[in-house]
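Below: one structure, written as structure tokens.
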Amino acid sequence: MADTKALTTRAADFSAWYNEVIMRAELADYSPVRGCMVIRPNGYAIWEEMQRALDRMFKDTGHQNAYFPLFIPQSFLSREAEHVEGFAPETAVVTHGGGKELEEPLVVRPTSETIIYSMYAKWIQSYRDLPVLINQWANVVRWELRTRLFLRTTEFLWQEGHTAHATEAEAEAETRQMLGVYRTFMEDWMAMPVLTGLKTDSERFAGALRTYACEALMQDDRALQAGTSHNLGQNFARAFEVTFQTAEGTLDYVWSTSWGVSTRLIGGLIMTHSDDNGLVCPPRLAQYQVVIVPIHKTDEEKTAVLDTAQRTRAVLAAAGIRTHVDAREGIKPGAKYYEWEGRGVPLRLEIGPRDVAAESAMLARRTGGKKEPVPLAGIAERLHAEMNRMQIELLEAARARREAASIRGATREQLIERMAGPGGFVYGGFCGAASCETEIKEQTKATIRVLPDPEFRSPVAPTRCLWCGQPSVAEAVWAKAY
RNA sequence: CGGGGUGUGGCGCAGUCCGGUAGCGCGCCUGCUUUGGGAGCAGGAGGUCCCGGGUUCGAAUCCCGGCGCCCCGACCA
């Protein structure tokens, strides 16, 4: 079970702390397979809440779910030149089945563009068939050299949207729309502020025209790419002969997009909010939003307390609040507090004889604030308000941390200094040359996370590349990334 | 793939240098007393000491060869 000692602190060793938070909260565990993790019920519950919210947003923007095979004929991957170059080195390949060597090896999907476009080629004939707006919830496999729980594992869970459109403008609008959906989800559900913007060529998805991303800053001031949305142009349409007849009777290749977020988001959630006592989970994604801990000595007290606890749970459940009564016996209340704190439960209600008598409960928040009695009358409304406030406070606290760790209009020296020291986001001019990007990466370990969208750009646009001094073509944000 | 670390009941570790048949803490089970911030006492269960070979009367310990895992780096949408 969960161990009972203090966690390594964030300040002492952020990586150790991160792993311990996961173990303490029982979110995941290492598996017998190298690089693969087991997502335990507490972790999977967060993923399910994420899925629920995202899936609703996908449906609301007109998408449907479908499912494509795990196995992809190896030849499919090589049809798009950049794509195969990007993914071939990290694929797992099945060469035998049913005891016999396969005629053509099957790649375990690292992403599903190729098999999906092979089907779109069959399904799309006319502009009347467009747009095709499909999402898939699936697992994928990428043979990574070095793995970390949730952040980079050999197998991971994600969703991948794959859409096909009649025009370039429509595809671009879809790409941007889904980036916006991700941003909304990350901010409003995860309480994790993100920068949005364009990736440079070197960070672009293999086979895409343009890649947009949501970039978050973790508590150790390293960046996490939290979601990507790609405008694939006609690259995959050409490779897979996905053509359609236009209203004018001409033949054209479809314009397509793909976009995805993964269980990596859980890693982002942990590293954005959690503290030295364990997981902090924003209320909207918490498995249990409220845990009720009954306190009693005598049997008589126990009956009354449990009755009040259960009635309160029913009231909260009826109000749509996910509530759990921890009625385990033989465990002292204090031990339960520590356990639920480590698991990140946003709110805790303690109900003892005194509370029963006063028709109230003691309310404790996972983040900050004193314990205080709240009347049972109207408690659902009160807890809803608390959770809404906590949701906003978590987002604002994370945003404040990010801004405190960001510098704008940086010079070359400042970039070097920042990356050698605290990290964080460094805004500065960029000449657009891959050579500068490479040099910066070699010398500072920092990469361009995004060329930020207008709302994230600095009030004064940089005029010179902070590295080479040539005219700047775009403001860029550098950081050391996960 | 390079560097470092580490493999001993479920977890964390001691024991290894100097060979003598395995111990501590936590957790787990039973009972009693407890329960408003990590309970106490008593009793108990649980171990191929990572694997293979060698030396020896005898190996967790010494020698040889493997393997796993973690961290850092390289790699990575």
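First the proteins, then the strands, lettered A, B, ... as listed; each starts at 1.
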Kindly give the atom pairs (protein nitrogen or oxygen, nucleotide nitrogen or oxygen) under 3.5 Å for nucleotides 44-47 of chain B.
none

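- With sequence neighbours excluded, no residue satisfies salt bridge (charged side-chain N to carboxylate O under 4.0 Å, His left out) with A/E155.
- Nucleic acid contact for A/K371: base, since at least one base atom lies under 4.0 Å from a heavy atom of the residue.
- Every residue two or more places apart in sequence or in another chain was checked for a salt bridge (charged side-chain N to carboxylate O under 4.0 Å, His left out) with A/K441, and none qualifies.
- A/P353 comes within 4.0 angstrom of a base, heavy atoms only.
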Considering only distance and modelled atom types, tabulate donor-acceptor pairs under 3.5 Å from the side chains of residues 66-76 of chain A, sequence neighbours left out.
residue : atom : partner : partner atom : Å
A/Y67   : OH   : A/R109  : NH1          : 3.4
A/Y67   : OH   : A/R109  : NH2          : 2.7
A/S75   : OG   : A/E104  : OE2          : 2.7

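- Taking the ring-ring contact (aromatic ring centres under 6.0 Å, His included) definition, one finds that A/H296 meets it with nothing, sequence neighbours left out.
- For A/H324 and A/W340, the gap between ring centers is short of 6.0 Å.
- Pairs of Watson-Crick or G-U wobble type, with distances under 3.5 Å, assemble into runs of 3 or more in RNA chain B at these ranges: B:1-7 with B:67-73, B:10-13 with B:23-26, B:28-33 with B:39-44, B:50-54 with B:62-66.
- A/R365 is linked by a salt bridge (charged side-chain N to carboxylate O under 4.0 Å, His left out) to A/E372, A/E386, counting only residues two or more places apart in sequence or in another chain.
- Taking A/Q159 as the reference, A/N135, A/Y182 meet the side-chain hydrogen bond (donor to acceptor under 3.5 Å, both in side chains) condition, with sequence neighbours excluded.
- Residue A/E341 is classed as a base contact, given a heavy-atom separation below 4.0 Å to a base.
- No engagement by A/E329 is indicated, since no non-hydrogen atom pair under 4.0 Å with the nucleic acid exists.
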Give me, pair by pair, the N or O atoms of the protein and of nucleotides 68-71 of chain B that are less than 3.5 Å apart, along with how far apart they are.
residue : atom : partner : partner atom : Å
B/rC71  : OP1  : A/N19   : ND2          : 3.3

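- Considering only residues two or more places apart in sequence or on other chains, A/F87 meets the ring-ring contact (aromatic ring centres under 6.0 Å, His included) condition with A/H83, A/F205.
- Listed by chain and residue number, A/L217, A/D221 satisfy the side-chain contact (heavy atoms from CB on, under 4.5 Å) test with A/A405 (two or more places apart in sequence, or in another chain).
- For the salt bridge (charged side-chain N to carboxylate O under 4.0 Å, His left out) test, no residue two or more places apart in sequence or in another chain qualifies with A/R418.
- Side-chain contact, A/T111 with A/E113: a donor N or O sits under 3.5 Å from an acceptor N or O.
- Among the protein residues, A/R210 comes within range of no part of the nucleic acid, since none of its heavy atoms lies under 4.0 Å from any strand.
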